Enquirer: 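Take a look at this one; I'll ask things after.
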Amino acid sequence: MTAQVREPADRDRFTAETEPFRRELLAHCYRMVGSAHDAEDLVQETYLRAWRSYAGFEGRASIRSWLYKIATNVCLTAVEPRKIRMLPSGLGGPQEGSETSANPVAPDEVSWLEPWPDRWTTAAADDPATSVVARESLRLALIASLQHLPARQRAILILREVLAFSAAETAQLLGTTTAAVKSGLQRARARLGELEPRPEQLLEPADQRARALLDGYIAAFERSDAGLLAQVLRADATLEATPFREWQAGLVNCIRMLAADVLGAPGDWRMLATTANGQPAAVEYRRDEAGVFRGRGIVVLDPTAAGVSRVVAFHDAALVTLFGFPESLPD
């Protein structure tokens with residue numbers, strides 16, 4: 001009887017103590033697994049495990065550290081048997097030759113990286129948890145690179161470099177030694193340097209130059225204007241899209257492929273501006289035979305002072321609603 005009377009109060013206290021950390025835990029799980037959908041599920045599992053063991057929480061560590069320990073171990077268990085999430089550029093070099101057609105990769109062959117909806121970390125600007133999430137730590141290129149690290153090295157690097165846990169705290173969270181944490185961090189840094197030796201200096205989404213590039217990209221698609229698109233992209237731009245293995249490098253190749261296989265006729269596309277991974281992005285809709293614009297996915301741009309250096313399109317209709325947009329738009 002006593003337990004039944006106390007349980008609602010215990011749950012209220014649990015919610016009050018743990019809920020402020022949900023957003024940063026969601027970002028943590030996303031960095032670990034590279035999937036926004038999976039991150040949602042893993043945070044739910046984290047809170048379920050935390051509630052089950054809440055009665056035994058003695059406060060020897062902070063509630064935040066305790067939640068991160070649970071979340072990190074949930075993520076490590078989840079990623080161990082799975083294929084790492086990739087972008088097409090992680091599978092091999094760019095397409096060579098003038099052929100433009102691309103064939104989708106079989107669904108069970110590759111697990112694709114997913115973009116991060118910025119609204120998950122910016123919806124409540126006064127939420128203190130959002131201050132923990134540095135925009136740079138969610139950049140798409142970094143998330144893609146992180147997936148190539150062994151899972152425990154990935155966890156060490158995120159806990160130490162992104163979340164600023166000490167080596168001793170990280171060792172406690174992972175159940176290992178401080179020496180192992182320092183060694184793992186050194187190896188993770190070296191591997192990241194190999195994967196992305198000179199990270200791009202990207203413009204912030206709020207920068208007027210970044211917004212102009214996004215507006216130009218959207219206008220080029222909606223008007224089916226390859227010339228306008230050429231003004232937006234850098235000479236060394238790259239273009240990739242899931243679920244396709246082939247990707248393009250160089251302005252000429254990018255424009256040729258888009259003009260031949262993607263742009264279509266004026267009015268075929270409608271795009272709505274958003275942000276993803278701390279970068280300008282757009283939700284893609286394409287007109288179907290009935291004249292309805294159906295959600296196709298999300299495109300994320302790498303904006304630089306010299307133009308867009310990289311375009312990554314995620315052709316997954318489920319991402320449209322994940323980003324808070326309708327499945328379709330009227331004509």
Side-chain angles (χ1 to χ4, degrees), residues 26 30 35-40 87-88 100-102 104 107 112-124 138 140 203 205-233 237 239-244 248 254-255 257-303 308 310-331:
L26 190 58
Y30 172 71
S35 163
H37 284 104
D38 286 355
E40 284 189 305
L87 289 174
T100 60
S101 60
W112 295 112
L113 195 74
E114 291 180 356
W116 167 264
D118 280 358
R119 69 190 183 97
W120 283 1
T121 47
T122 59
L138 290 167
L140 193 58
L203 302 174
D207 190 306
Q208 291 184 351
R209 293 170 296 174
R211 185 54 196 253
L213 290 170
L214 177 62
D215 289 346
Y217 186 89
I218 290 174
F221 262 77
E222 294 185 344
R223 300 174 193 171
S224 185
D225 188 338
L228 178 55
L229 197 57
Q231 296 176 32
V232 173
L233 301 181
L239 171 67
E240 51 191 313
T242 65
F244 303 101
Q248 308 296 323
C254 292
I255 296 298
M257 191 279 290
L258 289 170
D261 295 338
V262 181
L263 287 180
D268 281 353
W269 291 91
R270 185 174 294 175
M271 294 191 177
L272 301 179
T274 186
T275 56
N277 297 85
Q279 300 169 221
V283 184
E284 298 181 320
Y285 294 86
R286 188 156 195 176
R287 189 195 301 270
D288 65 12
E289 295 179 356
V292 177
F293 287 94
R294 303 289 182 186
R296 290 285 300 274
I298 307 293
V299 60
V300 183
L301 309 184
D302 282 14
V308 173
R310 186 188 198 192
V311 177
V312 183
F314 299 88
H315 291 160
D316 180 355
L319 292 171
V320 173
T321 53
L322 187 77
F323 272 68
F325 289 82
E327 295 179 356
S328 61
L329 300 173
D331 188 0

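Note that the structure is a prediction, hence the values are computed from the model and not measured.
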Enquirer: Would you compute the distance between atom CG of Asp225 and atom CD of Gln231 and round it to the nearest 0.5 angstrom?
Expert: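 If we round to the nearest 0.5 Å, Asp225:CG and Gln231:CD are 7.5 Å apart.
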
Enquirer: Mind listing the closest non-hydrogen atom pair of Arg211 and Ala273 along with its distance?
Expert: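 For Arg211 versus Ala273, the nearest heavy atoms are NH2-CB, 3.7 Å.
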
Enquirer: Could you tell me if the side chain of Pro88 sits less than 4.5 Å from the side chain of Trp112, heavy atoms only?
Expert: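 Yes; the side chains approach each other to less than 4.5 Å.
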
Enquirer: At their closest point, which heavy atom of Cys254 faces which heavy atom of Leu239, and how far apart are they?
Expert: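 In this case the closest contact between Cys254 and Leu239 is SG-CB, 3.6 Å.
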
Enquirer: Set out, in order, the CA-CA distance, both residues' side-chain angles and the distance that settles side chain to side chain contact (heavy atoms under 4.5 Å, CB included) for Thr274 and Asp118, then state yes or no.
Expert: CA-CA 8 Å; Thr274 186; Asp118 280 358; over 6 Å; no

Enquirer: What closest approach, in Å, do His315 and Pro243 show between heavy atoms, and which atom pair accounts for it?
Expert: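 Heavy atoms of His315 and Pro243 come nearest at CB-CD, 4.1 Å.
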
Enquirer: Roughly how far apart are Asp302 CG and Leu203 CG, rounded to 0.5 Å?
Expert: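 Reported value, rounded in 0.5 Å steps: 10.0 Å.
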
Enquirer: Compare every heavy atom of Ile298 with every heavy atom of Ala281, then report the nearest pair and how far apart it is.
Expert: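 Here Ala281 and Ile298 meet closest at CB-CG2, 4.3 Å.
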
Enquirer: Can you give me the closest heavy-atom contact between Pro115 and Leu319, atom names plus distance?
Expert: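 Where Pro115 meets Leu319 most closely, the heavy atoms are CD-CD1, 3.7 Å.
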
Enquirer: Is the shortest side-chain heavy-atom distance between Val308 and Tyr217 below 4.5 Å?
Expert: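 Heavy-atom side-chain distance check fails, nothing below 4.5 Å.
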
Enquirer: For the residue pair Tyr285 and Pro326, establish whether any side-chain heavy-atom pair is separated by less than 4.5 Å.
Expert: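 Contact flag for Tyr285/Pro326 side chains = yes.
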
Enquirer: Counting only N and O atoms by type, is there a donor-acceptor contact under 3.5 Å from the side chain of Ser224 to the main-chain atoms of Gly264?
Expert: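 Answer holds: yes.
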
Enquirer: A quick test of your reading: do over 12 heavy atoms of other residues, nucleotides or ligands sit less than 6.0 Å from CZ of Arg286?
Expert: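 Check passes, neighbour count above 12.
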
Enquirer: Set out, in order, the CA-CA distance, both residues' side-chain angles and the distance that settles side chain to side chain contact (heavy atoms under 4.5 Å, CB included) for Arg310 and Leu87, then state yes or no.
Expert: CA-CA 12 Å; Arg310 186 188 198 192; Leu87 289 174; 3.4 Å; yes

Enquirer: Run Trp120 and Tyr30 through side chain to side chain contact (heavy atoms under 4.5 Å, CB included) and show every step you take.
Expert: CA-CA 11 Å; Trp120 283 1; Tyr30 172 71; over 6 Å; no

Enquirer: Could you go through the side chain to side chain contact (heavy atoms under 4.5 Å, CB included) check for Glu327 and Val320 one step at a time?
Expert: CA-CA 6 Å; Glu327 295 179 356; Val320 173; 5.7 Å; no

Enquirer: Measuring from atom CZ of Phe314 to atom CZ of Arg296, what distance do you get when rounded to the nearest 0.5 angstrom?
Expert: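 If I round to the nearest 0.5 Å, the distance is 15.0 Å.
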
Enquirer: Taking side chain as C-beta onward, heavy atoms only, is Leu140 less than 4.5 Å from Leu113?
Expert: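 Leu140 vs Leu113: side chains touch.
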
Enquirer: Nearest 0.5 angstrom please: Arg119 CZ to Leu322 CG, how far?
Expert: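 Reported to 0.5 Å precision, the distance equals 6.5 Å.
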
Enquirer: Which heavy atom of Leu301 sits nearest a heavy atom of Leu213, and at what distance?
Expert: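 Smallest interatomic distance, heavy atoms only, reads CD1-O, 4.4 Å.
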
Enquirer: Quick check: does any side chain N or O of Gln248 sit under 3.5 Å from a backbone N or O of Met257, one acting as donor and the other as acceptor?
Expert: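 Looks like no, no N/O pair under 3.5 Å.
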
Enquirer: Just verifying a value: how many Å separate Arg294 CZ and Glu289 CD, rounded to the nearest 0.5 Å?
Expert: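 If we round to the nearest 0.5 Å, Arg294:CZ and Glu289:CD are 11.5 Å apart.
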
Enquirer: Could you check whether the rings of Phe221 and Trp269 sit parallel, tilted or perpendicular, using 30° and 60° as the cut-offs?
Expert: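 Because their plane-to-plane angle is over 60°, the rings of Phe221 and Trp269 count as perpendicular.
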
Enquirer: Distance from Asp268 atom CG to Glu222 atom CD, nearest 0.5 Å?
Expert: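 One finds 11.0 Å between CG of Asp268 and CD of Glu222.
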
Enquirer: Please check if the side chain of Asp316 supplies one atom and the backbone of Gly297 the other of a donor-acceptor pair under 3.5 Å.
Expert: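 No, because the side chain of Asp316 does not come within donor-acceptor range (under 3.5 Å) of the backbone of Gly297.
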
